[in-house]
There are 2 protein chains.
Amino acid sequence: MSVSLRQLRALVAAAETGSFGRAAVRLHLSQPALTVQIRTLEEALGLTLFDRSARGAQPTEAGRSLAQSFGRLLEELDQLVAGAQEQAARRSGTVHLAVLPSVAATLLPVALARLRRAHPGIRVLLRDAVARRVAEQVKAGDAELGIGILDGADAGLETEPLFEDALVAVLPPGHALAARASVSPAALAREPLVLTDPGSSVRALAERAFAEAGLTLRPAYEATYMSTAVALVRAGLGIGVLPATAVDLRMAPLLEIRPIEAPAMQRRILMLRRRGASLSPAADALAEAIRQAAGIPDAGALLTAGGGS
Amino acid sequence: MSVSLRQLRALVAAAETGSFGRAAVRLHLSQPALTVQIRTLEEALGLTLFDRSARGAQPTEAGRSLAQSFGRLLEELDQLVAGAQEQAARRSGTVHLAVLPSVAATLLPVALARLRRAHPGIRVLLRDAVARRVAEQVKAGDAELGIGILDGADAGLETEPLFEDALVAVLPPGHALAARASVSPAALAREPLVLTDPGSSVRALAERAFAEAGLTLRPAYEATYMSTAVALVRAGLGIGVLPATAVDLRMAPLLEIRPIEAPAMQRRILMLRRRGASLSPAADALAEAIRQAAGIPDAGALLTAGGGS
DNA sequence: GTCAGTCATAGGTTTTGATTATGAGCGTTT
DNA sequence: AAACGCTCATAATCAAAACCTATGACTGAC
């Protein structure tokens with residue numbers, strides 16, 4: 001028979017207390033049970049570990065030495081187990097999260113604040129990236145959770161809708177188009193436009209929507225960062241075609257926001273995870289916080305939605 | 001329920017093989033048994049450790065990390081157990097041995113040679129000391145085994161007789177007394193004598209024997225080391241009164257050895273161990289080798305003799 | 001659509017471990 | 001010297017854990 005943890009704990013306790021009886025008390029066992037554990041351990045090792053006498057059980061040299069080594073090992077083990085249970089209890093843990101920059105600037109701070117309040121021990125490693133990179137990182141396992149968009153279904157990913165993000169027209173103060181409740185693509189096409197980089201998902205969305213309306217998108221300015229784009233609009237250099245979430249009106253109170261009359265001007269922001277990969281407790285807590293921040297009541301809470309097929 | 005070694009081994013094997021089935025084979029278990037171990041471990045930790053699919057079981061991040069940590073721990077544990085079993089098998093181990101210098105120079109080399117032949121892995125840490133120190137070291141546990149002599153019984157020690165060591169007269173080449181088969185204490189008292197230090201057990205023995213014969217011992221020379229005493233005799237400076245074992249005739253072929261006609265000129269060389277303290281396998285092997293070197297057939301081999309009361 | 005491979009579940013048996021009760025050895029105390 | 005009190009060991013019994021075989025359900029792949 002091989003050794004067992006019970007035997008090792010018995011050995012350590014007996015060596016430290018110098019008595020089988022006291023060791024049994026410490027381990028919440030009866031004395032005979034402990035005696036048997038020690039004996040079977042001695043048989044497994046082939047060594048006498050204790051010299052029994054009427055005044056207790058003195059560990060032999062081998063017993064002392066092994067008790068010390070095993071004790072150290074047991075301590076490490078208990079620590080590992082405790083650490084794992086900490087993670088399970090959501091009192092610690094780390095989540096790698098990939099997220100679109102626009103969401104990172106808007107929804108995410110709210111979600112992270114919620115998470116911190118509910119589970120202050122959980123650490124979030126944040127990577128903002130464009131939609132394609134978000135999906136890639138989640139699929140590769142580099143990020144356990146992602147917030148992004150997906151064109152079609154993706155067999156490697158499970159998705160859960162968070163909210164709809166529409167592209168809106170962002171008008172500089174006093175612009176003529178602000179008189180209307182909404183603006184048409186055709187009207188936009190006549191104006192100098194501020195857009196994001198080609199390759200960004202926002203840009204691709206705008207181009208598609210314009211193409212459906214038979215128009216060609218000719219941006220006057222392209223910005224990589226949303227804050228840059230907003231600044232360009234505020235300076236009166238053009239009309240922004242930007243995601244609604246990205247425009248923080250607190251930062252730019254004089255700008256006017258108007259919806260664009262094109263159904264395709266919408267993108268569905270999704271929470272992404274690798275298909276078949278369970279979430280760590282920390283990631284689960286984060287997902288919950290994100291859902292709540294997005295205004296989704298946490299009903300079943302389990303992600304089951306397909307890729308959108 | 002707390003974690004068990006079986007669970008940890010199951011986790012490590014499954015994480016390394018990527019399959020419950022293959023892990024079960026490695027551990028000589030059925031697949032359901034392994035599945036259950038993993039599940040109960042997951043329940044104990046509160047963590048999902050594997051993502052099960054039709055293509056095997058992929059460890060989660062937590063599973064991977066824990067498998068690695070636990071694997072390291074298990075390796076250390078197995079190594080400790082193997083080390084203990086090595087000791088039990090007498091393939092390794094260390095014995096602290098306290099021994100009289102005279103025995104160390106005569107009987108012991110034979111015993112150690114035997115021991116090395118039978119159990120080459122056993123290391124002997126040797127301390128030669130006078131009889132009182134030998135007994136002290138054994139009683140204090142500084143030496144697991146001792147070879148020495150004991151005046152009366154000692155409650156703290158168990159003894160086992162090894163052989164009788166007589167004090168003999170060591171005569172320089174061509175000495176007149178060599179004509180007799182034995183010499184009397186009275187004859188010795190008329191000669192210049194070479195003895196050991198006062199305080200040595202040999203010296204005490206000689207003084208007692210002379211006192212019983214109504215004589216006073218007046219040594220011409222006192223040497224601490226036996227080799228010194230023998231050299232003095234060889235130089236013709238006196239007659240040695242020394243333990244028979246200590247005089248190596250191969251080193252001093254011209255010397256003559258004669259028994260002394262006094263019954264008290266005998267000392268019983270004993271093997272000593274602490275009462276109630278079991279012997280380590282290494283010490284047991286050494287004890288056996290010592291017995292054989294002393295010409296004692298290793299019958300029951302267990303030390304049971306009392307202190308001589 | 002079948003097939004091969006995976007893990008999960010169920011039923012029944014063996015093994016392990018625990019408890020209580022009791023015994024035996026030993027040192028101390030009366 | 002006898003009794004006591006402390007130790008660990010043993011025995012009988014019982015509960016729980018662990019295992020195996022058989023079977024099921026699911027998933028990819030051909």
Side-chain angles (χ1 to χ4, degrees), chain A residues 1-11 13-44 48-60 63 154-156 158 274-278 304 306-307, chain B residues 1-11 13-44 48-60 63 153-156 158 274-278 304 306-307 309:
Chain A
M1 194 195 54
S2 186
V3 304
S4 71
L5 283 184
R6 315 179 98 83
Q7 293 171 331
L8 301 187
R9 292 195 200 278
L11 164 60
E16 286 179 359
T17 60
S19 150
F20 287 7
R22 283 194 293 277
V25 169
R26 180 198 282 195
L27 298 182
H28 310 296
L29 279 178
S30 67
Q31 170 261 316
L34 192 127
T35 292
V36 169
Q37 291 295 351
I38 297 285
R39 197 188 58 217
T40 57
L41 178 59
E42 287 182 327
E43 285 166 3
T48 300
L49 299 173
F50 289 90
D51 285 319
R52 285 85 160 162
S53 80
R55 269 207 322 281
Q58 285 304 313
T60 62
D154 187 316
E158 291 184 16
R274 197 155 101 235
R275 178 170 299 275
S278 58
T304 46
Chain B
M1 193 195 54
S2 187
V3 305
S4 72
L5 283 184
R6 315 180 99 84
Q7 293 171 330
L8 301 188
R9 295 207 142 91
L11 164 60
E16 285 179 359
T17 61
S19 150
F20 287 7
R22 283 195 294 278
V25 170
R26 181 199 281 194
L27 298 181
H28 310 294
L29 280 178
S30 67
Q31 169 261 314
L34 193 127
T35 292
V36 170
Q37 291 296 351
I38 297 285
R39 197 188 57 218
T40 56
L41 177 58
E42 287 181 327
E43 285 166 3
T48 300
L49 299 173
F50 289 91
D51 284 318
R52 285 85 159 161
S53 80
R55 268 209 321 282
Q58 285 305 313
T60 61
D154 187 316
E158 291 185 16
R274 196 155 101 234
R275 179 170 298 276
S278 58
T304 46
S309 72

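It should be emphasised that the depicted structure is a prediction, and the values quoted were computed from it without experimental measurement. Hydrogens, waters and symmetry mates play no part in the numbers below; they use all other heavy atoms, side chains included. Every chain is numbered from 1 and lettered A, B, ... according to where its sequence line falls, protein lines coming before strand lines.
- Residue B:Arg39 has no polar side-chain atom (N or O) positioned under 4.0 Å from OP1 or OP2 of C:dA8.
- The distance between atom CD1 of B:Ile38 and atom C1' of D:dA17, rounded to the nearest whole Å, is 17 Å.
- The nearest pair of heavy atoms linking B:Leu34 to B:Ala24 is CD1-N, 3.6 Å.
- A:Arg6 places none of its side-chain heavy atoms less than 4.5 Å from the side chain of A:Leu41.
- Atom CD in A:Gln58 sits about 13 Å away from atom P in D:dT7, given to the nearest Å.
- Between the CG atom of A:Leu41 and the P atom of D:dA9 there is a distance of 13 Å, given to the nearest Å.
- Note that the CD atom of B:Glu43 and the CD1 atom of B:Ile38 stand 12.0 Å from one another [nearest 0.5 Å].
- When the side-chain nitrogen and oxygen atoms of A:Arg52 are compared with OP1 and OP2 of D:dA9, one or more of them lie within a distance under 4.0 Å.
- Separating the CG atom of A:Leu5 from the C1' atom of D:dA17 is a distance of 15 Å, rounded to the nearest angstrom.
- Put simply, CG on B:Asp51 is 18 Å from P on D:dC26, counting in whole angstrom units.
- Look at A:Thr35 and you'll find a side-chain N or O under 4.0 angstrom from OP1 or OP2 of D:dA9.
- Contact record, B:Ser278 with A:Thr48: OG-CG2, 3.5 Å, taken as the closest heavy-atom pair.
- Between A:Phe50 and A:Thr60, every side-chain heavy-atom pair lies at or beyond the 4.5 Å cut-off.
- Distance, A:Phe50 CZ to D:dC8 P: 10 Å, rounded to whole Å.
- In this structure, B:Arg22 and B:Leu27 have side chains that are not in contact, with every pair of non-hydrogen atoms separated by 4.5 Å or more.
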Do any N or O atoms of the protein come closer than 3.5 Å to N or O atoms of nucleotides 17-22 of chain C, and which pairs are they?
residue, atom, partner, partner atom, Å
C:dA18, OP1, A:Arg6, NE, 2.9
C:dA18, OP1, A:Arg6, NH2, 3.1
C:dA18, OP2, A:Gln37, NE2, 3.0
C:dT19, OP2, A:Ser30, N, 2.8
C:dT19, OP2, A:Ser30, OG, 2.4

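- Rounded to whole angstrom, the span from the CZ atom of B:Arg55 across to the P atom of D:dG28 amounts to 7 Å.
- Residues A:Gln7 and A:Thr40 have side chains that bring a donor and an acceptor to within less than 3.5 angstrom of each other.
- By the 4.0 Å N-to-carboxylate-O rule, B:Glu16 lies close enough to B:Arg26 to be salt-bridged with it.
- A pairwise comparison of heavy atoms in A:Thr35 and A:Phe20 identifies OG1-CD2, 3.6 Å as the closest pair.
- Near DNA chain C, meaning a heavy atom under 4.0 Å from it, residues 14-27 of chain A has no residue at all.
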